[in-house]
Structures are given as C-alpha cells and as structure tokens.
Amino acid sequence: MCAKILDGRKISKEIRNDIIEQVQHLKDRYEVAPGLAVVIVGDDDASHVYVSMKEKACQKVGFHSEVYKLPKETTQEELLKLIDELNASKKIHGILVQLPLPKGIDENLINSHILPTKDVDGFHAINTGKLLLGEESFIPCTPKGILELIKRTGENLTGKHAVVIGRSNIVGKPAGVLLLKENTTVTICHSKTENLEKHVQMADIVVAAVGIPELIKGNMIKEGAIVIDAGTRKVNGKLVGDVAYEEASKKASWITPVPGGVGPMTITMLLENTLKAAKAQCE
Ligand code: NAP
C-alpha cells in the first residue's frame, strides 16, 4: 500500500478561506474584527517563531492582532495584571499565553486566569472539564487539528482502534478524549508503556505526539492504518516527526507529513477558536 497524504497546508487553506468569509460577515454585521492577543515571556527562539506565525496568520484572515513580548524577568503578578487587562478589553476575544513560561511562573495559574470565554487555547480547567464531560468548549488547537485531519479521510471511525502515543495535557490526553467521543476504542501510550510496538501494531488510527524522531517505525504500522504525526524535533536543521515517514507510508492508508501536516492545522484551529469566541461575544 502507498499512503495518501493528509496535506495540512491544503486543508488549512480551505478552512482559512472559509474563516475570511465569516470575518467579513462579522465586520458587516457588528463592525467587529475577531481579536487575538498573544503573550510571550522570555526569549525562547522557537516560541518567538510560533508567535510570529500566529500573528501573520491572524493578519491574513483579517483579525485584529496584539502581541505582547515581555522580558524573561517578568513576574507572575505582572503577567496576571496584563491578563486582567486583556480579559476586560472589548477588542480582544481570545487570549493565548505562549508556553513554556519561565521558571517561577505557574502555567496552570496563568491559564486559569484567562476568562474561559477567551481561552482559545482550551487550557483553562473549565474548558478541560467541559471537554471531558462532552460539553461545548474550546478544544486545544493541536488535538482539534488532529481530529479534523482524521475526519478528512472520510473513513467511518466508529469501532476503530485508535492508539495515541503521548499523554500531555495539550496534545495526547485531549486527542484521546476526542477520539473516544468519535466512538473509537482508545489506547493511550506513554514513556512507561511496556511493549509500545505491540500496541501500535493493533491500531487502525495512530496519533504520535511524543517528540522523539522516528520512534514509530514502519514495521509497527498495521496495513491500512491512518497515521497522524504531531511530533516535531529539529535534527540537523530539519524538522523530523515521531514516525519514520518513508517506511510508514508503505503500510498506512493515510499519513501526515512533517512539516506540513499537524503544524498548519494547529494555527488554523487557533483562528477557528478565536472566530468562535468573537461570535459568542458579539451575539
Ligand atoms: P510532552 O509534554 O513532552 O509529552 C510527550 C509525551 O510523550 C509524554 O506523555 C511522554 O510520556 C511520552 N513519551 C516520551 N517518551 C516516550 C516513549 N519512548 N514512548 C512512548 N511515549 C513516550 O510533549 P507535547 O507537548 O505533548 O508534544 C509532543 C510532540 O508534539 C512534540 O514533538 C511537540 O513539539 C509536538 N507538538 C507539535 C505541535 C504542532 O502544532 N505541530 C503542537 C504541540 C506539540 P510521559 O507522560 O510518561 O512522560
């Protein structure tokens, strides 16, 4: 088998074109542009690259965008004060604090200080709880993008066995919850899982979210599986995923490339969440 490619850039473009139309509608009806504030603390290079990608994506779809670049010496109190201001701002519908934060700042406290209605990253405990309860909520962008990619295969997901590798709060765990909601049978693997290979070999759907280059080999992939690779790690200046792409492509029915798979979808889902927040705050 030679896998079909789940092209995150192409799918993102389609979704972003739809967002542009909806933004125009919002501007015509309410004279409001969806507003996203992104806050970054410190000088981590990769984080600054992600923030500038988010800023550009906002501008391209006609959002109002504010970026706050704070020095690494910023205190938790100062950050909480800025969030208070953004929570109160009429121009801002979504707030994102870029992670990781410097030592000494409690990420959970910061995430939970953002109003749940402006929590477009979906990390607030209220949104996390609602996701678990199956209630309407903001879904974290990467798992939301992963589910969208899986749905784009057009395959019936009910009864399929999904194996998620990684159990972080921002990718693995919510991806597992979303797949459970789609009536798949979910296995979540992590660093203490015994015989990872055996679990992955049983998967109709593989979601890799670890950060270890090419951890998942071709011989671990079941014939015809859908393979989603969220992993990203720079190796010799090149971005590499968690899945050995060439080998896995020979077994999978669908596969995401790295780069160009999950990455663009994450930013697109952030735009979707911000649009949703703006609509809810206008209507
Ligand atoms: P993370 O918080 O470091 O979590 C990694 C997970 O992998 C943990 O649950 C860990 O298990 C598990 N793990 C580590 N070694 C393992 C092994 N040998 N076998 C099985 N599981 C293992 O990372 P994350 O934030 O979830 O991100 C995961 C990857 O996705 C990273 O490469 C990150 O760069 C990428 N990512 C991409 C996007 C995007 O937009 N494309 C967005 C977010 C993240 P334990 O829990 O036991 O430690």
Side-chain angles (χ1 to χ4, degrees), residues 6-9 11-12 15-16 38 40 44-57 96-101 107-108 111 120-123 128 131 138-150 162-179 186-203 206-217 220-221 227-235 237-245 255-274:
L6 276 166
D7 184 340
R9 290 197 182 108
I11 297 167
S12 280
I15 298 172
R16 289 185 198 194
V38 179
I40 178 165
D44 179 70
D45 285 344
S47 295
H48 276 272
V49 171
Y50 294 140
V51 167
S52 89
M53 285 162 74
K54 287 165 187 172
E55 188 181 14
K56 275 189 201 134
L96 179 157
V97 177
Q98 185 69 37
L99 303 179
L101 288 167
E107 288 183 357
N108 285 338
N111 282 330
V120 287
D121 242 349
F123 296 159
T128 308
L131 173 63
F138 285 109
I139 297 168
C141 303
T142 303
K144 188 177 178 189
I146 287 170
L147 185 65
E148 182 66 34
L149 285 165
I150 295 171
V163 174
V164 179
I165 310 122
R167 58 172 166 179
S168 72
N169 290 335
I170 63 171
V171 192
K173 267 188 221 161
V177 173
L178 290 173
L179 283 160
V186 180
T187 300
I188 301 186
C189 301
H190 46 77
S191 68
K192 308 288 185 292
T193 296
E194 288 181 8
N195 207 343
L196 178 69
E197 186 172 337
K198 184 191 80 188
H199 292 288
V200 178
Q201 276 168 346
M202 290 186 353
V206 178
V207 174
V210 179
I212 300 181
E214 306 198 339
L215 174 74
I216 310 300
K217 311 287 179 213
M220 295 162 82
I221 303 294
V227 178
I228 308 293
D229 189 355
T232 50
R233 185 57 72 86
K234 276 252 170 86
V235 179
K238 225 182 118 200
L239 217 52
V240 180
D242 289 343
V243 177
Y245 182 81
I255 193 164
T256 57
V258 176
V262 173
M265 292 299 284
T266 296
I267 297 184
T268 301
M269 295 302 113
L270 173 67
L271 298 174
E272 253 193 22
N273 280 352
T274 305

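Remember, it's 1-based here, ligands and their atoms both numbered in the order they're listed. Quick note: residue numbers are just sequence positions, from 1.
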Part of Ile267 within contact of ligand 1 (heavy atoms, under 4.0 Å): neither
Closer than 4.0 Å to some heavy atom of Thr266 - which atoms of ligand 1 meet that? 39 (C), 40 (O)
For Thr256 and Leu6, indicate whether the former's side chain and the latter's backbone hold a donor-acceptor pair under 3.5 Å. no
Test your reading of the structure: does Arg167 have an N or O sitting under 3.5 Å from an N or O of ligand 1? yes
Numbered in order shown, the ligand 1 atoms found under 4.0 Å of a heavy atom of Ala209 are 5 (C), 6 (C), 7 (O), 28 (C), 29 (C)
Please list, in number order, the atoms of ligand 1 under 4.0 Å from a heavy atom of Gly263. 40 (O), 41 (N)
Between Arg233 (side chain) and Ile212 (backbone), is there a donor-acceptor pair under 3.5 Å? no
Just heavy atoms, cut-off under 4.0 Å: does Thr232 contact ligand 1 by side chain, backbone, both, or neither? both
Atom 2 (O) of ligand 1 [closest protein heavy-atom partner, distance rounded to 0.1 Å]: Ser168 CB, 3.4 Å
Ser191 to ligand 1: N or O pair under 3.5 Å? yes
Please could you name the atoms of ligand 1 that Val171 approaches to less than 4.0 Å, counting only its heavy atoms? 26 (O), 43 (C), 44 (C)
Below 4.0 angstrom from a heavy atom of Ile170, which ligand 1 atoms are there? Numbered from 1 as shown, please. 25 (O)
Is it true that a side-chain atom of Thr193 and a backbone atom of Leu196 form a donor plus acceptor pair closer than 3.5 Å? no
Do Ile170 and Thr142 have side-chain heavy atoms sitting under 4.5 Å apart? no
Give the atom numbers and elements of ligand 1 that come within less than 4.0 Å of a heavy atom of Ile165. 20 (C), 21 (N)
Under a 4.0 Å heavy-atom limit, does Thr193 contact ligand 1 with its side chain, its backbone, both, or neither? neither
Check each heavy atom of Ile212 against ligand 1 and say whether those closer than 4.0 Å belong to the side chain, the backbone, both or neither. side chain
Are the side chains of Glu148 and Ile15 in contact, using a 4.5 Å heavy-atom criterion? yes
Quick check on contacts: which atoms of ligand 1 are under 4.0 angstrom from a heavy atom of Ala230? 30 (O), 35 (C), 36 (N), 37 (C), 41 (N)
Looking only at protein heavy atoms, what sits closest to atom 31 (C) of ligand 1 is Gly211 CA, 3.8 Å
Kindly check if the number of other-residue, nucleotide or ligand heavy atoms within 6.0 Å of CD (Glu194) is above 12? no
Value for CZ (Phe123) from CG (Asn108), rounded to nearest 0.5 Å, stands at 10.5 Å
The protein heavy atom nearest to atom 42 (C) of ligand 1 is Thr142 OG1, 3.1 Å
Heavy atoms only, cut-off 4.0 Å: how does Val210 contact ligand 1, side chain, backbone, both, or neither? both
Taking the side chain as every heavy atom from C-beta outward, state whether Asn169 and Thr128 have any pair of such atoms under 4.5 Å apart. no
Do Ile139 and Pro174 make a side-chain contact, defined as non-hydrogen atoms from C-beta onward lying under 4.5 Å apart? no
Keeping Asp242 on the side-chain end and Gly211 on the backbone end, is there a donor-acceptor pair under 3.5 Å? yes
Closest protein heavy atom to atom 20 (C) of ligand 1, given as residue, atom name and distance to 0.1 Å: His190 O, 3.2 Å
Is the side chain of Asp121 donor-acceptor paired with the backbone N or O of Leu96 at a distance under 3.5 Å, no angle test? no
